[in-house]
Amino acid sequence: MLIANTLHKTFHGEGTPTLALNNVSLTVDQGEFVSIVGRSGSGKTTLLHVLSTLLAPDTGELTYHGRDIGQGGEKELNQLRHQDFAVIFQFHYLLPYLTALENTLLPFMNTLRPVSSQRVARAKECLARVGLADKTNRLPSMLSGGEQQRVAIARALVKEARYLFADEPTGSLDKATGQDILTLLRELNAEGLSVVMVTHEQQYAAQADRVLTMEDGVITNGHTVPLHGLSGTAKEEEAQAMVAGG
Ligand SMILES: Nc1ncnc2c1ncn2[C@@H]1O[C@H](COP(=O)(O)OP(=O)(O)OP(=O)(O)O)[C@@H](O)[C@H]1O
Ligand SMILES: [Mg+2]
């Protein structure tokens with residue numbers, strides 16, 4: 001389980017500092033699909049980057065399986081996080097000079113060892129999973145926007161992560177392709193992958209188990225804790241509130 005507690009993050013650029021996260025707390029249970037919506041600049045990407053540990057919060061805690069990962073943490077934990085967390089970026093960052101297969105293999109690439117044949121097989125499996133079995137050797141420039149987005153998803157799947165953080169995975173896609181991506185994410189979620197997805201589109205957000213809305217660095221609605229994570233009485237109260245039209 002991933003728990004964020006009272007996160008704050010301020011960016012100091014030119015002019016007045018921006019409070020991008022203002023006292024944000026939430027829990028993402030194993031196996032959940034949570035979506036985050038909100039206006040441009042409301043802090044969605046910042047939250048996703050802090051949850052996925054790409055960005056350290058100024059204050060507040062982030063715990064994963066009961067251990068503090070907010071500020072980096074020890075080496076062993078870094079490895080666990082590297083294995084368990086995968087990110088799809090708002091701008092999907094495929095390398096233009098690498099093929100779909102090579103882009104998918106990126107999480108495995110380092111300068112010390114060549115990529116094993118098992119991993120190449122795994123990457124091909126992931127590309128097949130997102131419907132690109134016949135395009136593994138294409139460069140991004142030879143793929144459509146939706147296909148490029150699917151390579152980015154394959155790259156996130158290749159590690160067999162437990163948590164997927166997806167920032168606008170349907171951005172700049174037409175409706176049918178966007179829905180295909182959503183359907184794929186739901187399928188992966190049904191197989192056990194926890195998903196945190198940022199989106200502008202209500203129709204996609206509504207397909208999550210829970211929708212959180214951000215405004216000016218604050219989560220303003222929704223259950224920040226999953227219903228089944230609440231105590232018996234709290235759960236009943238929640239259920240009653242929902243039946244009563246809450
Ligand atoms: N590196 C940075 N330096 C300075 N300010 C930043 C930086 N990154 C984000 N911000 C500011 O923090 C606020 C939140 O940005 P963030 O990218 O989280 O918004 P967002 O909700 O993802 O927006 P969008 O929907 O446009 O992607 C914005 O006001 C933004 O200008
Ligand atoms: Mg963003």
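First listed ligand is number 1; within each ligand, the first listed atom is number 1.
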Show the protein residues that qualify under the rule heavy atom under 4.0 Å from an atom of ligand 1, listing them in chain and number order.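 Ligand 1 is contacted, at a heavy-atom distance under 4.0 Å, by Phe11, Thr18, Ala20, Arg39, Ser40, Gly41, Ser42, Gly43, Lys44, Thr45, Thr46, Gln90, His200.
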Within the distance-only criterion (no hydrogens, no angle test), does the side chain of Lys44 pair as donor or acceptor with the backbone N or O of Arg39 below 3.5 angstrom?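 Flag set: sc Lys44 to bb Arg39 pair under 3.5 Å.
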Within the 3.5 Å criterion, strictly below it, is a donor on Glu160 or Gln83 matched to an acceptor on the partner's side chain?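 No donor-acceptor contact under 3.5 Å links the two side chains.
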What are the protein N, O or S atoms, given as residue plus atom name, that sit under 2.8 Å from the Mg ion (ligand 2)?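 The answer is Thr45 OG1, Gln90 OE1.
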Among Ile219, Ile3, Asn5, which one satisfies side chain to side chain contact (heavy atoms under 4.5 Å, CB included) with Ser25?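 Testing each of Ile219, Ile3, Asn5 against Ser25, the sole residue satisfying side chain to side chain contact (heavy atoms under 4.5 Å, CB included) is Asn5.
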Suppose we screen for side-chain contact (heavy atoms from CB on, under 4.5 Å). Which residues come up paired with Asp180, at least two apart in sequence or across chains?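 Listed in chain order: nothing, the list is empty.
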Is there side-chain contact between Leu21 and Met214, with heavy atoms separated by less than 4.5 Å?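 Counting from C-beta outward, Leu21 and Met214 do come under 4.5 Å.
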Are Glu201 and Lys175 close enough, and set up right, to give a salt bridge (Lys or Arg N to Asp or Glu O under 4.0 Å), and what steps lead you there? CA-CA 10 Å; Glu201 313 271 347; Lys175 272 208 173 126; over 6 Å; no
Can you list, pair by pair, the side-chain donor-acceptor contacts under 3.5 Å of residues 130-138, counting residues two or more places apart and other chains?
unit_1: Lys135; atom_1: NZ; unit_2: Glu147; atom_2: OE2; d: 2.6
unit_1: Arg138; atom_1: NH1; unit_2: Met142; atom_2: O; d: 3.1

So which heavy atom on Pro140 is nearest to which on Leu98, and how close?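 Smallest heavy-atom distance, with atoms named: CD-O, 3.1 Å.
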Exceeds 12 heavy-atom contacts within 6.0 angstrom, atom CG of Asp216: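 Not more than 12 within 6.0 Å, no.
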